[in-house]
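For reference, the structure discussed in these notes is given below.
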Amino acid sequence: MGGVHPEENKISTQAVIEQMPLPKQVVVLMNQHLGAPATPVVAKGDKVKVGQLIGEAQAFMCANVHSPVSGTVTKIDVCKDAFGLAKPAIYIDVEGDEWMEDIDRTPDIKRECTLEPKEIVDKLKEKGIVGLGGATFPAHIKYNVPEGKKAEYLIINAAECEPYLTSDHRVMLEHAEEVCIGVSILRKALGVPNAYIGIERNKPDAIAKMTETARQFKGIIVMPLKVKYPQGAEKQLINAITGRRVPSGKLPIDVGCVVSNLGTSFAVYEAIQKNKPLIENILTVTGKKLPSQHNYQVRIGISYNDIISHALGQLPETTGKVISGGTMMGKAMCNLDAPTTKGASSVLVMDEGEARRNPETNCIRCGKCMHACPMGLEPYLFSQFVKNGRYEEAGKHNILDCIECGCCFFSCPANKPLTDEIRLGKNKYRAILAANAKR
């Protein structure tokens with residue numbers, strides 16, 4: 001249901017993946033995943049190698065963090081992230097590029113996985129693998145299916161429906177076999193008969209490549225999908241591929257599904273078959289007014305300014321916003337000195353004219369926001385609840401079901417910032433629930 005058709009702007013599709021050069025220093029955040037921050041296991045003055053454990057997961061919802069470079073730990077302090085929030089971090093001065101000896105850096109593709117399902121899950125935890133679709137959910141938790149639940153479908157999200165982003169597209173074209181091996185490993189971990197890779201039809205070359213490659217593997221089915229945002233949202237993808245709907249307040253596993261991003265599958269291949277922790281990801285540098293478009297393989301902890309300097313020299317004078325993510329769900333960054341994280345997907349440079357919001361006018365009660373909502377919610381109603389501080393009433397109308405996709409804001413002829421208001425309302429309602437739970 002719902003959904004919209006924003007301009008796709010996939011202008012970096014033909015940009016092959018390049019390796020981003022190493023900087024003089026990286027800053028590695030300890031909570032670049034959903035949940036509690038990792039605990040540093042190194043100290044100032046320590047020498048580290050690429051792939052060495054530097055932050056250990058000591059809480060249930062947490063993920064290990066590894067050094068993306070070799071060099072010397074200069075301090076353990078806080079660092080402001082791209083949105084101005086202070087987070088614990090480890091600062092490392094780069095000295096050469098010495099990797100841990102147990103990481104296989106050869107280009108040879110290793111297809112056979114001899115690990116048992118539990119061993120696969122344990123290794124995902126050891127190597128700090130998280131979901132790369134945006135939420136950065138620790139993979140070892142997702143693939144350790146709770147008692148009483150049963151996984152029937154493994155769904156790989158390769159829709160990449162967000163405007164501008166092309167990193168998953170390039171991974172499919174350049175690393176299709178490794179992705180399929182990663183999918184096979186995840187399928188084995190879950191014990192499901194089939195895995196479905198959902199790709200929007202606006203990527204015919206990727207569909208052809210993945211379909212051809214998947215024929216060499218048992219139980220991998222490529223599913224071309226209708227081009228409609230937010231096709232890649234978890235619940236929408238489940239419905240498109242299986243016909244099942246995830247009820248309000250429930251998780252995909254409650255309807256027998258586990259969903260992972262395509263980039264996660266590639267990271268799983270490298271972790272299980274190459275013993276490589278999650279220390280780098282693929283990141284798109286794009287924008288309509290840029291002189292060149294790029295897809296980079298970037299070590300985690302490199303600053304956004306370092307990436308911009310290498311890719312563009314400097315930002316265009318007419319830059320209005322620099323966004324992490326796409327135009328629908330991405331967020332404008334206020335601190336470009338901040339380091340990249342495991343979940344970073346893009347550096348989107350928007351011109352002043354493109355970045356400027358149109359002035360807000362009065363709601364004309366047209367209902368377009370409601371018809372565009374892929375969750376079947378009433379955004380206009382949430383807006384009124386939030387403006388009047390009626391957060392608990394918003395909660396009773398399932399405000400927490402909102403996936404913050406931006407369809408309501410995109411479709412509103414009055415240019416009302418509905419997504420922003422709903423996000424505020426969700427945070428306020430969660431605070432009320434937390435306060436009530438402590439009583």
Side-chain angles (χ1 to χ4, degrees), residues 63 109-133 135-160 168 171-172 175-199 206-225 232 234-244 246 251-276 278:
I109 295 178
K110 184 179 178 184
R111 293 188 59 152
E112 191 64 32
C113 174
T114 58
L115 299 182
E116 295 298 317
K118 185 181 182 306
E119 294 174 315
I120 292 171
V121 174
D122 289 345
K123 196 156 188 178
L124 295 180
K125 180 178 181 179
E126 176 193 338
K127 298 303 177 184
I129 306 301
V130 300
L132 299 180
T136 59
F137 193 91
H140 66 277
I141 298 176
K142 179 178 286 190
Y143 284 88
N144 188 12
V145 178
E147 191 172 342
K149 308 286 185 183
K150 182 182 178 182
E152 300 174 59
Y153 293 90
L154 170 60
I155 298 173
I156 303 300
N157 177 12
E160 201 165 46
D168 285 350
V171 169
M172 286 188 280
H175 298 286
E177 187 171 3
E178 295 97 311
V179 167
C180 285
I181 295 169
V183 172
S184 296
I185 292 170
L186 292 176
R187 188 174 71 82
K188 182 177 182 180
L190 286 176
V192 295
N194 294 311
Y196 298 84
I197 303 176
I199 310 173
I207 291 172
K209 180 70 174 178
M210 292 302 298
T211 301
E212 179 187 2
T213 306
R215 290 194 186 105
Q216 306 169 37
F217 295 84
K218 180 182 177 182
I220 298 181
I221 301 164
V222 175
M223 296 279 289
L225 302 172
E234 194 171 58
K235 293 181 179 181
Q236 283 63 41
L237 196 61
I238 289 170
N239 183 239
I241 290 179
T242 70
R244 300 182 180 186
V246 181
L251 298 172
I253 192 62
D254 292 310
V255 294
C257 298
V258 174
V259 182
S260 272
N261 180 261
L262 179 112
T264 309
S265 303
F266 184 44
V268 167
Y269 164 79
E270 294 195 310
I272 304 297
Q273 304 298 80
K274 296 290 188 174
N275 216 36
K276 178 184 172 183
L278 184 48

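Every heavy atom of this structure was used, including side-chain atoms; hydrogens, water molecules and symmetry mates were not.
- Nearest heavy atoms, Lys149 versus Ile253: CB-CG1, 3.8 Å.
- Atom CD1 of residue Ile199 and atom CD1 of residue Ile207 lie 5.5 Å apart, to the nearest 0.5 angstrom.
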Side chain to side chain contact (heavy atoms under 4.5 Å, CB included) for Val179 and Met210? Distances and angles first, verdict last. CA-CA 9 Å; Val179 167; Met210 292 302 298; 3.9 Å; yes
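- More than 12 heavy atoms of other residues, nucleotides or ligands lie within 6.0 Å of NZ in Lys235, so this atom counts as buried by the packing criterion.
- Atom CD1 of Ile181 and atom OG of Ser265 lie 11.5 Å apart (nearest 0.5 Å).
- Atom NZ of Lys276 has more than 12 neighbouring heavy atoms from other residues, nucleotides or ligands inside a 6.0 Å radius.
- Put simply, the side chain of Phe217 reaches to within 4.5 Å of the side chain of Glu177, judged on heavy atoms.
- The minimum heavy-atom distance linking Thr213 with Ala176 is given by the pair OG1-CB, 3.5 Å.
- In this structure, the side chains of Ile185 and Ile120 come closer than 4.5 Å at one or more pairs of heavy atoms.
- Of all the heavy atoms in Lys274 and Tyr269, the pair that sits closest is CE-OH, 3.5 Å.
- Annotation: side chain of Thr242 is in contact with side chain of Ile155 (closest heavy-atom distance under 4.5 Å).
- The line from CZ of Arg215 to SG of Cys180 is 11.5 Å long, rounded to the nearest 0.5 Å.
- Contact annotation: the side chain of Met223 never approaches that of Ile197 to less than 4.5 Å [non-hydrogen atoms, C-beta and beyond].
- Counting only heavy atoms from C-beta outward, the side chains of Val192 and Tyr153 never approach each other to under 4.5 Å.
- At distances below 3.5 Å, not a single donor-acceptor pair connects side-chain atoms of Arg187 with backbone N or O atoms of Leu154.
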Where do Leu132 and Phe137 land on the side chain to side chain contact (heavy atoms under 4.5 Å, CB included) test, with the steps shown first? CA-CA 8 Å; Leu132 299 180; Phe137 193 91; over 6 Å; no
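- Counting only heavy atoms from C-beta outward, the side chains of Ile156 and Asn261 never approach each other to under 4.5 Å.
- Going from atom CG of Leu190 over to atom CG of Asn144 covers 10.0 Å, rounded to the nearest 0.5 Å.
- In this structure, the separation between SG on Cys113 and CG on Leu186 is 10.0 Å, given to the nearest 0.5 Å.
- Minimum heavy-atom separation, Ala63 to Val130: CB-CG1, 3.7 Å.
- Leu237 is listed as a side-chain neighbour of Leu225, based on a closest heavy-atom distance under 4.5 Å.
- Taken to the nearest 0.5 Å, the OG1 atom of Thr264 stands 7.0 Å off from the NZ atom of Lys142.
- You'll find the side chain of Glu178 stays beyond 4.5 Å of the side chain of Gln273, heavy atoms only.
- Scanning all heavy atoms of the two residues, the minimum distance from Ala214 to Val222 falls at CB-CG2, 4.1 Å.
- When all heavy atoms of Lys188 and Pro117 are compared, the closest pair comes out as O-CG, 3.6 Å.
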Show the numbers, then the answer: is there a side chain to side chain donor-acceptor pair (under 3.5 Å) between Lys123 and Asn275? CA-CA 9 Å; Lys123 196 156 188 178; Asn275 216 36; 2.9 Å; yes
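- No donor-acceptor pair under 3.5 Å is formed between the side chain of Glu152 and the backbone N or O of Gly256.
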Ser260 and Asn157: CA distance, side-chain angles, deciding distance, side chain to side chain contact (heavy atoms under 4.5 Å, CB included) verdict: CA-CA 6 Å; Ser260 272; Asn157 177 12; over 6 Å; no
Determine, step by step, whether Asp254 and Val246 satisfy the side chain to side chain contact (heavy atoms under 4.5 Å, CB included) criterion, reporting the C-alpha distance in whole Å, the side-chain angles of both residues, the deciding distance to 0.1 Å, and the verdict. CA-CA 7 Å; Asp254 292 310; Val246 181; 5.7 Å; no
